[in-house]
Amino acid sequence: MLDSPALSPGRRELLKQRIRLIVGLTIGYNVVEAIVALGAGAGASSVALIGFGLDSIVEVLSAAAVAWQFAGPDPESREKKALRLIAISFFALAAYVSISAVLTLAGAMQPEHSKVGIILTVTSLVIMPLLSWLERRTGQELGSASAVADSKQTLICSYLSATVLIGLLANSLFGWSWADPAAALFIAAFAVREGLEAWRGEACAQPVSTLTGEQTGDNCSGCR
């Protein structure tokens with residue numbers, strides 16, 4: 001729990017509902033983002049966009065894994081398995097993106113201009129920081145450390161958007177085809193970091209309290 005002023009029951013419930021709404025919007029946007037990124041990435045042979053879309057899918061699956069953990073009568077017994085599933089998903093993402101990036105750098109694929117990808121990443125750079133700010137403000141007032149931690153994770157996703165956007169623009173404007181797989185390798189490195197933290201039990205993809213609606217404290221081990 002974070003230090004927060006005393007809240008009336010009505011205000012506390014309103015804040016909990018607001019966080020659940022923000023989390024729901026974040027997950028919903030990630031689903032749309034994944035579909036658009038994967039489609040645009042496949043069309044443009046952009047490994048960066050494909051990796052970006054896969055990362056969005058893993059983030060949603062991570063939230064689902066945490067929700068599954070707390071849906072049972074004994075959440076602690078499911079914690080290790082949930083975190084391992086999250087870690088394996090990130091490792092698989094990193095492996096796929098790394099191999100694809102290396103093949104692209106070797107000339108096996110040639111990334112093309114993607115107007116849709118550029119629009120998508122610019123949109124993400126606007127939406128994700130806004131959702132992060134709203135969740136952080138609400139979490140601080142509520143005193144939920146997990147909500148504040150998740151807001152930081154959402155902000156990190158916007159950094160990925162910026163990296164992919166730079167790669168796409170460099171390829172489109174200057175013909176630097178290597179910029180696309182370079183951005184993809186950055187995503188792979190991020191995925192490895194996330195996977196290692198999940199494997200060690202140091203990460204949670206979404207604030208558990210907001211997924212379950214039961215508590216406002218920090219319910220994950222070592223949440224960022």
Side-chain angles (χ1 to χ4, degrees), residues 25-64 86-132 150 152-199 203 205-206 224:
L25 289 173
T26 302
I27 293 175
Y29 180 77
N30 275 331
V31 171
V32 174
E33 183 181 72
I35 294 173
V36 176
L38 290 174
S45 298
S46 170
V47 65
L49 270 176
I50 292 175
F52 186 58
L54 291 176
D55 179 74
S56 297
I57 291 177
V58 172
E59 293 293 341
V60 173
L61 292 177
S62 297
I86 293 170
I88 291 171
S89 297
F90 274 115
F91 291 149
L93 164 63
Y96 174 83
V97 171
S98 296
I99 293 172
S100 298
V102 170
L103 290 175
T104 301
L105 289 171
M109 295 184 292
Q110 184 66 31
E112 302 173 358
H113 168 74
S114 177
K115 182 178 180 180
V116 174
I118 291 173
I119 293 174
L120 174 66
T121 50
V122 169
T123 301
S124 295
L125 278 174
V126 173
I127 292 178
M128 300 307 279
L130 176 61
L131 290 173
S132 172
D150 185 61
K152 296 178 182 178
Q153 176 67 16
T154 302
L155 188 60
I156 289 174
C157 291
S158 68
Y159 298 157
L160 287 183
S161 302
T163 301
V164 175
L165 177 61
I166 291 172
L168 294 176
L169 288 175
N171 184 35
S172 296
L173 297 176
F174 307 111
W176 296 349
S177 58
W178 55 265
D180 186 275
L185 289 174
F186 180 89
I187 294 176
F190 168 80
V192 169
R193 192 203 71 169
E194 293 291 294
L196 289 173
E197 289 186 355
W199 191 270
Q206 297 288 350
R224 292 183 302 281

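Computed over heavy atoms, backbone and side chain alike; hydrogens, waters and symmetry mates excluded.
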Q: Run the numbers on His113 and Ile118 for side chain to side chain contact (heavy atoms under 4.5 Å, CB included), then give the verdict.
A: CA-CA 9 Å; His113 168 74; Ile118 291 173; 3.9 Å; yes

Q) Going from CD1 on Ile57 to CD1 on Ile35, what distance comes out if it is rounded to the nearest 0.5 angstrom? A) 8.0 Å

Q.
Show the nearest heavy-atom pair for residues Val47 and Ala184, with the distance to one decimal.
A. CG1-CB, 3.5 Å

Q: Would you confirm whether Asp55, through its side chain, and Ala191, through its main-chain N or O, come within 3.5 Å as a donor-acceptor pair?
A: no

Q) Judged by atom type as modelled, is there a donor-acceptor pair below 3.5 Å linking the side chain of Ser132 to the main-chain atoms of Met128? A) no

Q) Does a donor on one side chain and an acceptor on the other come within less than 3.5 Å for Tyr29 and Ser56? A) no

**Q.** Between OG1 on residue Thr154 and CG on residue Leu130, distance to nearest 0.5 Å
**A.** 11.0 Å

Q: Would you check if Phe90 and Val192 make a side-chain contact, meaning some heavy-atom pair closer than 4.5 Å?
A: no

**Q.** Shortest non-hydrogen separation from Val116 to Ala40 and the atoms involved
**A.** CG1-CB, 4.0 Å

Q) Can you tell which of Leu165, Val36, Leu168 makes a side-chain contact (heavy atoms from CB on, under 4.5 Å) with Leu120? A) Val36

Q) Are the side chains of Phe190 and Ile156 in touch, meaning some heavy atoms are under 4.5 Å apart? A) yes

Q.
Using every non-hydrogen atom in the two residues, find where Val97 and Ala188 come nearest and quote the distance to one decimal.
A. CG1-CB, 4.2 Å

Q: Would you please say whether a donor-acceptor pair under 3.5 Å links the side chains of Ser177 and Asn171?
A: no

(Q) Rounded to the nearest 0.5 Å, what separates atom OG in Ser124 from atom CD1 in Ile119? (A) 12.0 Å

(Q) On a heavy-atom basis, which atom in Tyr96 and which in Ile50 lie closest, and how many Å separate them? (A) CE2-CG2, 3.7 Å

(Q) Over 60° means perpendicular and under 30° means parallel, so tell me whether Trp199 and Phe91 are parallel, tilted or perpendicular. (A) tilted

Q) Once you round to the nearest 0.5 Å, how far does CZ of Phe186 lie from CZ of Phe52? A) 12.0 Å

Q | Point-to-point distance, once rounded to the nearest 0.5 Å, from CG of Leu54 to CG of Leu61 | A | 10.5 Å

Q) About how many Å separate CD of Glu59 and CG of Asn30, when rounded to the nearest 0.5 Å? A) 6.5 Å

Q) Does any donor atom in the side chain of Glu112 or Ser45 lie under 3.5 Å from an acceptor atom in the other side chain? A) no

Q) Is Ser46 reaching over with its side chain to a backbone N or O of Ala42, donor-acceptor style, under 3.5 angstrom? A) no

**Q.** Nearest atoms (heavy-atom pairs only) where Ser161 meets Thr121
**A.** O-CB, 3.8 Å

Q: For Ala34 and Gly53, work out which heavy atoms get closest and say how close.
A: CB-O, 3.5 Å

**Q.** Check: Ser114 and Leu49 side chains under 4.5 Å, non-hydrogen atoms
**A.** yes

